[in-house]
Q: 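Below you will find the structure I want to go over with you.
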Amino acid sequence: MPAERITPKLHFDKLAHFLDLEAEAEKQESLRERTRLSPAEAESSGNSLIQLVIREEDSGLGGRFLVTFGKRNQTLPLPWTRLGVGSPVLVSEERAGATSNEENAWRGIVSRVRKDSIQVAFNQMLEIESERPTFRIDRATDEISRARQRQALDTAKNATSSRLATLRDVLLGIQKPLFQKVEPIQPFNKKLNTSQIQAIEFALSAEDVAIIHGPPGTGKTTTLVELIRQITKSGGRVLAVAGSNLAVDNLLERLIDAGENAIRLGHPARVTPELREHTLDLLVEHHPDLKIAQKLTRDAHSLRKQASKFFRIKPDPNYRQSLREESKQLLNEANQIEEQVVASILNGARVVCATATGLDPERLRGNRFDWVIMDEASQSTEPAAWIPLQYAERLVLAGDHCQLPPTVLSNEAARGGFNISMMERILNFAPDGLSKLLSVQYRMHQDIMTFSSDIFYDGHLQADEAVRTALLTGLPHVSESPLTVTPIHFIDTAGASYDEEQEPDGESRMNPLEAELVVKMVNGLMENGVSPENIAVISPYSAQVKLLRQKLNHGIEIDSVDGFQGREKEVVIVSLVRSNPEGDVGFLADTRRMNVALTRAKRKLIVIGDSATITVHPFYEKMVKYFESIGAYHSVWEE
């Protein structure tokens, strides 16, 4: 427990202050990209798309309006972009001399991204003024989720004599968590390993909170699905949340496949198309009782229209008023029916899935859940975690605080600890007795696993037999070569003048010669029969990612380390970029980022870097020594 007792007021006031700092940092970043950068520079940053035209208009997604945009020349693909499904955006007409801002833009949610087009879902139709307009799309801040976080912090701070007050005091270390003895489970999934079963039984024994620590490839989602099934089997209700829509959809898909009655909250545009039929919005829309509500709404609008009509002979004043009153009454009846339909669907669901910030308090009012299970708990800032806790009896946090922490733009907030998740904070003050480690990984060759296991997980990870010695030569059509018969290849560029460069008009770094070497490695792999879809190239630096995307066009996935978290490929090539006489490693010093990078590969990991620069840092000194110890070290001169 902490050395000094923390009061709820101090803790939540500090979080609220950090939330405000982050809101301001996001606002300034958005303003800078919309006003200070030229349109071309904004597009190059990945946060904007310019010179778009409307390709198609449609309706769907719970009454939303769907608009598809693309370049006027339909043969042109969209440039690289950070805008993905679920991104909140501002869409504005491009006019001479006008700047993009919220006053002259429509708010929407990206609902589909293809190579040559992007679809946005709006709550209203676009009123276009120009004859042949072009449009600009900019990433927007999500003020609704921020308001929900502020409300959750206030509710938790002021809670008294309630379950939330007890959970709050446990989570702040003021009160000790309680556990009860539980009977051994009979797993639905017969393939679970011992550490997964132990983690599930441990979570079920928690009266307040439990943590499942899931390192890379250890089957965390599989474990959570089994935990949820065990809870619903005994009649319990579960609210399953995560920080990203992708993680929520992954969990939802697995639950549905397992036969669970699970529904999805949130904007349908943020949900994978295959799962949209399970969203609350579409379930409500297709409910038979809603037809009655829709007829009442149509009748109400007809009465309002009638009340506004011009009459040759002035009607009795009470006539118009009575029409309006009747219209209002019909709308109230329609709203009551819709609320009853929503309540009926929610109450009938044993499992409700959503992002933490996607929980609408209006829709969840009166709902309680026996368990809140939070996936990706180590990747969310703490205010988001308090939103689902308002509906919880018990809490399970699942994630890996040894991988990337929450992304925070405000330097001041980060210095104050805003990038420390609730899960990491709890483990910092109560490391023993609150968590269980999943110790068997099913992703990578044991040599790829070992360094990460030793440094981050005290050597506790084990490779499952199915992956322990898996090499590229085990894939169809892959021939034997120095690249394919070993699991790791480190190429040291020290002394070869592979100097890093700063991005023009930017703060990121790139290394052109290192990028050329990446291309050579990719070509070598493909010449030996490795297919492009089995290869990923990642780098900690966005400028290097952009450069690599220009040089490689084989359909190979190229992304930042942050963007590739949670993903895996048979082959992963990591371009470290940093090469300078000062031994400056920049944000490579956040070794959790490198833990992510080194654990994405299944059968082959290739790392390219300058040992003279990176080994100034103790972590990278150990990494290079490990590569040497297993015969994976190669000088660039050999290449």
Side-chain angles (χ1 to χ4, degrees), residues 26 29-31 33-34 37 39-40 42-74 76-95 98-146 244-246 248-249 264-277 279-282 285 355 357-358 360 563:
E26 283 188 20
E29 176 79 4
S30 178
L31 187 66
E33 294 202 342
R34 289 206 308 269
L37 297 180
E43 187 171 66
S44 178
S45 75
N47 290 323
S48 301
L49 289 168
I50 62 170
Q51 290 291 296
L52 302 172
V53 296
I54 292 177
R55 293 263 186 89
E56 191 180 330
E57 294 180 85
D58 201 355
S59 60
L61 300 177
R64 274 84 174 186
F65 299 93
L66 306 177
V67 182
T68 301
F69 299 89
K71 296 292 186 181
R72 192 179 293 281
N73 181 345
Q74 296 196 19
L76 287 178
L78 292 180
W80 169 76
T81 181
R82 289 191 174 95
L83 302 176
V85 173
S87 296
V89 291
L90 292 172
V91 177
S92 53
E93 281 190 63
E94 292 177 315
R95 298 185 195 134
T99 57
S100 172
N101 57 56
E102 295 198 28
E103 284 71 38
N104 61 16
W106 298 278
R107 277 190 170 269
I109 301 290
V110 175
S111 52
R112 189 182 70 206
V113 179
R114 289 186 174 161
K115 187 178 179 182
D116 61 347
S117 66
I118 183 168
Q119 186 188 74
V120 181
F122 299 94
N123 287 333
Q124 78 278 13
M125 291 181 70
L126 306 192
E127 300 293 336
I128 311 299
E129 295 180 12
S130 313
E131 277 191 30
R132 287 171 56 84
T134 60
F135 298 86
R136 170 174 172 158
I137 300 179
D138 295 284
R139 180 182 286 276
T141 56
D142 193 344
E143 294 307 318
I144 293 174
S145 76
R146 191 120 48 209
S244 74
N245 287 288
L246 193 63
V248 176
D249 286 349
R264 174 78 152 88
L265 301 187
H267 197 302
R270 288 186 158 120
V271 180
T272 307
E274 295 75 22
L275 296 171
R276 282 178 186 157
E277 64 185 274
T279 60
L280 179 62
D281 284 41
L282 294 193
E285 190 176 286
T355 59
T357 55
D360 184 345

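Just so you know, these numbers use all the heavy atoms, side chains as well, and skip hydrogens, waters and symmetry mates. Sequence positions, counted from 1, serve as the residue numbers for this chain.
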Q: Would you call V110 and Q119 a side-chain contact if the rule is heavy atoms closer than 4.5 Å?
A: no
Q: Look only at the side chain of D249 and the backbone of T272, and say whether a donor-acceptor pair between them is shorter than 3.5 Å.
A: yes
Q: Quick check: closest heavy atoms across T357 and S145, and the distance to 0.1 Å?
A: CB-CB, 3.4 Å
Q: Would the distance check show the side chain of R55 and the main-chain N or O of K71 forming a donor-acceptor pair, the cut-off being under 3.5 Å?
A: yes
Q: Show the nearest heavy-atom pair for residues D138 and S48, with the distance to one decimal.
A: OD1-OG, 2.6 Å
Q: Under the side-chain contact (heavy atoms from CB on, under 4.5 Å) rule, collect the residues that match up with P77, sequence neighbours excluded.
A: K115
Q: For N47, does its backbone N or O pair with a side-chain atom of S45 as donor and acceptor, under 3.5 Å?
A: yes
Q: Can you list everything that forms a side-chain contact (heavy atoms from CB on, under 4.5 Å) with E29? Sequence neighbours excluded, please.
A: R32, E33, L409
Q: Kindly say whether G46 contributes a backbone atom to a donor-acceptor pair with the side chain of T81 at under 3.5 angstrom?
A: yes
Q: Do the non-hydrogen side-chain atoms of D360 and I144 ever get within less than 4.5 Å of each other?
A: no
Q: If the condition is salt bridge (Lys or Arg N to Asp or Glu O under 4.0 Å), which residues does R139 pass it with, not counting sequence neighbours?
A: none
Q: For the atom pair NE2 (H267) and CG (N245), what is the distance rounded to the nearest 0.5 Å?
A: 11.0 Å
Q: If you define the side chain from C-beta out and look only at heavy atoms, does anything of R146 sit under 4.5 Å from E26?
A: yes
Q: Within a radius of less than 6.0 Å around CG of L246, do more than 12 heavy atoms belonging to other residues, nucleotides or ligands occur?
A: no
Q: Please test R72 against E94 for salt bridge (Lys or Arg N to Asp or Glu O under 4.0 Å), starting from the C-alpha separation and ending with a verdict.
A: CA-CA 14 Å; R72 192 179 293 281; E94 292 177 315; over 6 Å; no
Q: Can you tell which of L78, V91, L49 makes a side chain to side chain contact (heavy atoms under 4.5 Å, CB included) with F69?
A: V91
Q: Is atom CZ of R82 surrounded by more than 12 heavy atoms (other residues, nucleotides or ligands) closer than 6.0 Å?
A: yes
Q: State, yes or no, whether a side-chain contact exists between P88 and I109 at a heavy-atom distance under 4.5 Å.
A: yes
Q: Nearest 0.5 Å, please: how far is OG in S87 from CD1 in I137?
A: 10.5 Å
Q: Take the angle between the ring planes of F135 and W106 and call it parallel below 30°, perpendicular above 60°, tilted in between.
A: tilted
Q: With side chains defined as the heavy atoms from C-beta onward, is the minimum distance between L90 and R107 less than 4.5 Å?
A: yes
Q: Hey, could you give me the CZ/CD distance between R136 and Q51, rounded to the nearest 0.5 Å?
A: 10.5 Å
Q: Taking C-beta and beyond as the side chain, do S111 and R276 meet within less than 4.5 Å on heavy atoms?
A: yes
Q: Looking at E56 and R112, is any side-chain nitrogen of the basic one under 4.0 Å from a carboxylate oxygen of the acidic one?
A: no
Q: Is R270 salt-bridged to D142, going by a charged N under 4.0 Å from an acidic O?
A: yes
